[in-house]
Asks: 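Below you will find the structure I want to go over with you.
By convention in this document, chain letters (A, B, ...) are assigned in the order of the sequence lines, proteins followed by strands, and residues within each chain are numbered from 1.
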Number of protein chains: 2
Amino acid sequence: MLKTSGADTEGAAERRAISADLIAVLVAAPNGNPVVLTVKDGTTLPSGPFALGHRSLQSGLRDWVEQQTGHPLGYIEQLYTFADRDRSMEEAARRVISISYLGLTREEPSHRTPPGSWRNWYEFFPWEDHRAGAPAIIDDIIVPRLCQWADEQQDKRQNRLRRAASAFGFDDRHWNEELVLQRYELLFEAGMVEEAVRAKAGTGSSAVPGRTMTGDHRRILATGIGRLRTKIKYRPVVFELMPPAFTLLQLQRAVEALAGVTVHKQNFRRLIEQQDLVEETGEMSADTGGRPAKLFRFRHAVLDERQVAGTK
Amino acid sequence: MLKTSGADTEGAAERRAISADLIAVLVAAPNGNPVVLTVKDGTTLPSGPFALGHRSLQSGLRDWVEQQTGHPLGYIEQLYTFADRDRSMEEAARRVISISYLGLTREEPSHRTPPGSWRNWYEFFPWEDHRAGAPAIIDDIIVPRLCQWADEQQDKRQNRLRRAASAFGFDDRHWNEELVLQRYELLFEAGMVEEAVRAKAGTGSSAVPGRTMTGDHRRILATGIGRLRTKIKYRPVVFELMPPAFTLLQLQRAVEALAGVTVHKQNFRRLIEQQDLVEETGEMSADTGGRPAKLFRFRHAVLDERQVAGTK
DNA sequence: CCTTATTATGCTCGAACTGAGTATAATAAG
DNA sequence: CTTATTATACTCAGTTCGAGCATAATAAGG
């Protein structure tokens with residue numbers, strides 16, 4: 001929940017009606033597992049108040065994330081700022097502005113047992129993982145229910161069907177993995193996620209599988225995943241998630257974990273190598289099964305050299 | 001530990017001091033002229049406080065922009081939120097969060113004489129307009145001064161030179177029109193814009209040509225231009241700036257105005273047409289000079305059909 | 001009427017990039 | 001020594017992209 005301050009004892013004043021929260025979508029990908037940091041038993045994204053002690057929004061976020069996870073954030077990027085009144089259940093007189101960030105981190109802080117825990121993000125969006133083909137949930141549950149929803153209003157039917165088809169890739173449309181937010185919002189609009197049912201507490205329609213979250217944290221997570229899926233294509237940000245040395249397959253698995261789709265192995269290597277994104281360390285991997293692989297490291301120089309493309 | 005509940009009172013007193021401003025980068029392109037809406041004699045971007053009466057951030061912005069310009073915003077997109085203390089001259093105890101938006105609008109509201117005025121945005125960034133080749137100011141003033149700045153610190157010299165070359169496209173690097181913000185920030189760091197001199201009032205270095213603005217409004221404008229230059233390449237947003245019917249050359253001129261570079265005419269048409277972004281109206285332009293051109297309109301249907309690319 | 005300037009529009013051609021393979025190499029497990 | 005598994009090299013056709021040539025349709029000036 002976005003509420004961050006307690007008993008409000010001050011006298012009424014207009015000025016104090018606004019406060020600001022920082023919310024983090026903190027992502028890691030230990031051995032090809034896409035995970036996000038949560039608190040409160042996986043229901044909530046870490047968030048904290050923006051206080052006067054913070055030098056800036058970014059440093060405010062860094063301060064308490066490092067405090068939580070114990071290591072610095074490699075990459076941090078602002079996601080979105082929102083303040084819609086109907087997003088929270090606060091009384092109308094108080095406004096909370098939420099400023100969300102996307103952060104990428106290298107190691108998984110397993111042993112330090114942080115107060116939050118890392119969750120595979122597909123627990124929240126089971127329809128987003130297409131690495132082993134389109135999940136059954138789409139054809140079995142989502143598509144039929146969306147069609148049903150489209151039929152509810154004849155005048156909007158065509159439009160709804162088109163939106164649904166384009167978001168979920170049916171009717172000869174292909175799956176576009178970047179549309180994470182559009183899909184979530186479509187399900188929300190159709191009353192197919194728990195958050196929507198929660199909002200108008202009368203609708204009887206039940207939710208589609210997928211863990212829910214507090215407030216609109218799941219929407220923020222969707223925003224973060226979508227942004228990341230877009231970004232890996234034109235900026236070399238995956239490397240923020242990788243250990244110092246890695247094989248090309250490990251890199252590929254990380255990309256696939258984020259994108260939720262598989263890629264052609266040989267073409268992936270070709271792309272990475274012809275862009276000079278990596279260089280050999282000289283060592284080989286003490287691998288599991290199969291021929292040993294060369295180890296690579298990210299060529300940090302590329303960041304200066306030019307505006308490089310990413311992966312895929 | 002995260003403070004997300006009211007048990008902790010330490011934050012409560014501090015957070016009163018926060019207020020939020022909405023800032024707009026409102027762009028139009030009447031006959032191929034890239035303009036931005038300003039107030040106070042071109043020194044300031046329109047901005048207004050986020051008040052309790054506003055339903056949301058977006059609607060708050062829309063409210064007073066429509067009030068100012070008299071017509072609705074076709075396209076609106078959040079740019080960035082910042083709150084760095086050293087950005088403003090406010091006393092340290094008060095924090096202002098600024099939430100900036102990029103808006104595109106179709107007509108130029110010339111006659112309604114709004115309180116602000118439209119300015120060609122290259123007045124603020126003379127080095128950004130490469131439509132008639134690289135401006136002389138780059139080779140004559142900017143590059144020499146940047147090299148000089150790089151020489152000031154021997155240890156950082158290489159790094160500074162590389163950043164400068166990559167931003168301004170010298171040393172066999174090519175000009176990348178999207179790096180508007182990087183270029184502005186580099187000039188800022190090198191003390192070559194008035195805002196930087198203003199910040200540390202002692203540095204004697206004088207600024208490079210280009211109108212300055214209040215606070216960091218010029219930085220926000222740079223952010224907006226950069227974002228727009230990126231976006232036109234993969235989303236059909238230019239059409240928000242076009243009249244209902246237009247020739248392909250008019251469309252091309254608008255794109256060139258935004259991007260600050262020229263494009264190959266035949267290839268531009270090929271791209272637009274093969275993507276089905278437009279359709280013929282059936283009419284021809286009562287043109288200036290030369291063969292008459294077909295008039296086109298934007299095919300709004302493409303927005304539903306698929307995730308289309310933009311122009312160029 | 002004819003020439004020139006100007007814009008519109010159609011078409012070509014090679015380079016680069018992309019998707020989807022085939023083929024071969026190097027290791028571990030049985 | 002066969003099978004499974006992964007690594008890595010190479011090919012090939014389709015598509016896209018940058019750059020140019022060629023032609024069409026109009027206005028203005030002689």
Side-chain angles (χ1 to χ4, degrees), chain A residues 31-32 130-133 174-177 232-234 245-256 259 261-297 306-312, chain B residues 31-32 130-133 174-177 232-234 245-256 259 261-297 306-312:
Chain A
N31 37 276
H130 287 229
R131 285 175 294 177
H174 62 277
W175 175 259
N176 182 341
E177 81 277 0
I232 49 173
K233 290 187 179 168
Y234 65 97
F246 48 83
T247 70
L248 290 182
L249 185 59
Q250 285 168 343
L251 183 65
Q252 182 182 346
R253 293 281 179 250
V255 169
E256 291 175 335
V261 296
T262 53
V263 303
H264 183 104
K265 188 171 177 177
Q266 295 92 322
N267 291 348
F268 179 80
R269 311 174 105 260
R270 176 174 66 186
L271 192 68
I272 299 294
E273 288 177 334
Q274 85 185 7
Q275 291 205 136
D276 286 321
L277 290 176
V278 297
E279 61 191 1
E280 301 182 9
T281 66
E283 291 168 39
M284 307 288 279
S285 73
D287 211 18
T288 66
R291 171 174 170 177
K294 290 180 190 166
L295 283 173
F296 293 83
R297 75 172 71 90
R306 62 216 146 90
Q307 304 306 314
V308 288
T311 52
K312 213 161 59 68
Chain B
N31 35 275
H130 287 229
R131 285 175 294 177
H174 62 278
W175 174 259
N176 182 341
E177 80 278 1
I232 49 173
K233 291 186 179 169
Y234 66 99
F246 47 84
T247 69
L248 290 183
L249 184 59
Q250 285 168 344
L251 183 64
Q252 182 182 347
R253 293 282 178 250
V255 169
E256 291 175 336
V261 295
T262 54
V263 302
H264 183 104
K265 189 172 177 175
Q266 294 95 319
N267 291 349
F268 179 80
R269 311 173 107 262
R270 174 173 68 185
L271 191 70
I272 299 293
E273 287 177 335
Q274 84 186 6
Q275 291 205 137
D276 286 322
L277 291 175
V278 297
E279 62 191 0
E280 302 182 7
T281 66
E283 293 168 39
M284 306 289 279
S285 73
D287 211 18
T288 65
R291 173 174 168 178
K294 292 179 189 166
L295 284 173
F296 293 83
R297 76 171 71 89
R306 61 214 145 91
Q307 306 305 314
V308 288
T311 53
K312 211 160 61 64

Asks: Under the rule for salt bridge (Lys or Arg N to Asp or Glu O under 4.0 Å), what residues qualify as partners of B:R131, not counting sequence neighbours?
Replies: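 So B:R131 forms a salt bridge (Lys or Arg N to Asp or Glu O under 4.0 Å) with B:D129.
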Asks: Taking atom P of C:dT18 as reference, at what distance in whole Å does atom CZ of A:R269 sit?
Replies: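 Result: 17 Å.
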Asks: Return the nearest nucleotide to the side chain of A:R291; candidates are C:dT18, C:dA25, C:dA20.
Replies: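 The answer is C:dA25.
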Asks: How many whole angstroms separate atom CD of B:E273 from atom P of C:dC11?
Replies: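 For the pair B:E273 CD and C:dC11 P, the rounded distance is 11 Å.
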Asks: Can you list the stems that include DNA chain C, where a stem is three or more consecutive Watson-Crick or G-U pairs with distances under 3.5 Å?
Replies: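 So the stems come out as C:1-30 with D:1-30.
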Asks: What is the distance from CG of A:L271 to C1' of C:dT18, rounded to the nearest Å?
Replies: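 Those two atoms, CG and C1', are 10 Å apart.
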Asks: Can you tell me the distance, in whole Å, between the NZ atom of A:K294 and the C1' atom of C:dA25?
Replies: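 Nearest whole value for this atom pair: 12 Å.
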Asks: Would you call B:E177 and B:K233 a salt bridge, using N to O less than 4.0 angstrom?
Replies: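 Yes, this pair counts.
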Asks: Tell me, please, the opening and closing nucleotides of DNA chain D, 5' to 3', among those with an atom under 4.0 angstrom from a non-hydrogen atom of chain B.
Replies: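 Range of nucleotides within reach of chain B: D:dC17 to D:dT26.
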Asks: Got a donor-acceptor pair under 3.5 Å from the side chain of B:R270 to the base of C:dG10?
Replies: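 In this structure, the two groups form no donor-acceptor pair.
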Asks: Output the rounded distance in Å from NE2 (B:H264) to P (C:dG10).
Replies: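 After rounding, the reported distance stands at 14 Å.
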Asks: To the nearest angstrom, how far is B:L248 atom CG from C:dG10 atom C1'?
Replies: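 Distance check: B:L248 CG to C:dG10 C1' gives 13 Å.
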